[in-house]
Amino acid sequence: MIFPLPREFDENELFIIISTIITWALLFMLPKRLSAVTVTIIWTFNVFLALLADITLTVKPYELYFTIDHKTHELFDVVLHFITYPTLPYFVVNSYQHYKPEGLKRIFFLLFWGVAAIALEWTSVQFHVFTYTGWKLSISFLVYLIVFAAAIWLSDFVEKKYPSKWNSKALNIKKGSASQ
C-alpha cells in the first residue's frame with residue numbers, strides 16, 4: 001500500500017474522522033451557492049495548496065511541522081488533505097457567494113474566517129494532528145487570509161463563466177427588478 005495505515009490509532013486519527021463527519025454533514029446540510037465547476041476548482045486548488053505546503057515546509061531544510069504521528073505520510077494524511085481540509089475554504093467561498101460583502105465588510109469577513117481557521121487549527125494541534133517544530137499559528141493566520149482571499153477571487157472568476165443555479169436566479173432577479 002502506498003500510504004500505510006497508522007502505527008497506532010489514537011486521538012489524531014479520531015479527531016480527523018470526527019471533524020470529517022461533521023464538516024461533510026454541514027457540507028450536505030447547508031445551501032449550495034456554487035456551481036459544480038466552482039466547487040471542483042476551489043476544492044482542487046486547496047488540495048494543491050495543502051500538498052504544496054507539506055511538500056515544501058515539512059521536509060529539509062525547513063521541517064517546520066509534521067502531520068499525524070510522524071514525518072512520513074500515512075492514510076490519514078490523504079484523508080486530511082483531500083477530504084477534510086478543503087471543506088473550510090468551501091464554506092468560506094459558499095458563504096461569501098451568499099453575503100457578497102464589500103469594502104470593510106469583506107475585510108471583516110476574511111478576518112472572521114481567518115480566526116475560525118486558527119481556532120480549528122489550534123484544536124487540531126491539541127489533538128496532535130499537527131506538531132510544530134518551527135511553525136507558528138500567527139503564520140497560519142496570514143496564510144489563511146491569503147488562501148481565503150485567493151479562493152474568493154477564484155470563485156468570482158469561475159462563477160462569472162459558470163454561474164451556479166442560485167447565482168443565476170439572483171442575477172435574474174436583480175436584472176428583472178432593475179428593468180421594471
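The first residue in the sequence is number 1, and the count goes up from there.
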Exercise. So which heavy atom on Y85 is nearest to which on A50, and how close?
Worked result: CD2-CB, 3.9 Å
For this session: Check whether any side-chain heavy atom of L49 sits under 4.5 Å from a side-chain heavy atom of N46, and report yes or no.
Result: yes
Exercise. Under 4.5 Å between any side-chain heavy atoms of T87 and W43, yes or no?
Worked result: yes
Problem set entry | Stepwise side chain to side chain contact (heavy atoms under 4.5 Å, CB included) check, L27 with N94 | CA-CA 10 Å; L27 191 83; N94 195 50; over 6 Å; no
For this session: Applying ring pair (Phe, Tyr, Trp, His ring centres under 6.0 Å) between F15 and each of F127, F9, F130, report the one that passes.
Result: F127
Problem set entry | Residue of the set Q97, K160, R33 for which side-chain hydrogen bond (donor to acceptor under 3.5 Å, both in side chains) holds with S155 | Q97
Exercise. Which pair of non-hydrogen atoms, one from P89 and one from P86, has the smallest distance, and what is that distance?
Worked result: CD-O, 3.4 Å
Exercise. Is any side-chain heavy atom of L154 closer than 4.5 Å to a side-chain heavy atom of V93?
Worked result: no
Exercise. Picking from L80, V78, V79, what satisfies side chain to side chain contact (heavy atoms under 4.5 Å, CB included) with F82?
Worked result: V78
Exercise. Are L64 and V59 connected in a single hydrophobic cluster, I mean Ile/Leu/Val/Met/Phe/Trp/Tyr linked by side-chain heavy atoms less than 4.5 Å apart?
Worked result: no
For this session: Starting at CH2 of W153, measure out to OH of Y96 and round the result to the nearest 0.5 Å.
Result: 12.5 Å
Exercise. What's the verdict on side chain to side chain contact (heavy atoms under 4.5 Å, CB included) for F76 and N12, showing C-alpha distance, side-chain angles and the deciding distance?
Worked result: CA-CA 9 Å; F76 277 86; N12 49 33; over 6 Å; no
Exercise. Counting distance only, does the side-chain N/O of K105 pair as donor-acceptor with the main-chain N or O of K100 below 3.5 Å?
Worked result: no
Exercise. Transitively linked via ILVMFWY side-chain contacts under 4.5 Å: I146 with I118?
Worked result: no
Exercise. Is a donor on one side and an acceptor on the other found under 3.5 Å between the side chain of T67 and the backbone of D77?
Worked result: no
Exercise. Will you find, in the side chains of E159 and T38, an N or O donor that is under 3.5 Å from an N or O acceptor?
Worked result: yes
For this session: Spell out, as yes or no, whether a donor-acceptor pair under 3.5 Å connects the side chain of T133 to the backbone of E63.
Result: yes
Problem set entry | T20 and T84 side chains, donor-acceptor separation under 3.5 Å | yes
Exercise. Looking at CG of L137 and CG of L142, how far apart are the two atoms once the value is rounded to the nearest 0.5 Å?
Worked result: 11.5 Å
For this session: Find out whether V129 and E11 are in side-chain contact, i.e. whether some heavy atom of one side chain is under 4.5 Å from a heavy atom of the other.
Result: no
Problem set entry | Hphob cluster co-occupancy, I55 + Y62, side-chain heavy atoms under 4.5 angstrom | no
Exercise. Crowded around F91 CZ? As in, over 12 foreign heavy atoms under 6.0 Å?
Worked result: yes
Exercise. Do the non-hydrogen side-chain atoms of I42 and L34 ever get within less than 4.5 Å of each other?
Worked result: no
Problem set entry | Beyond-backbone contact of I16 with I68, side-chain heavy atoms, under 4.5 angstrom | yes
Problem set entry | Min side-chain heavy-atom separation F109-S95 under 4.5 Å | yes
For this session: State, yes or no, whether a side-chain contact exists between Y132 and F66 at a heavy-atom distance under 4.5 Å.
Result: no
For this session: Describe, in one word, how the ring planes of F28 and W24 are oriented to each other, choosing from parallel (under 30°), tilted (30 to 60°) and perpendicular (over 60°).
Result: tilted
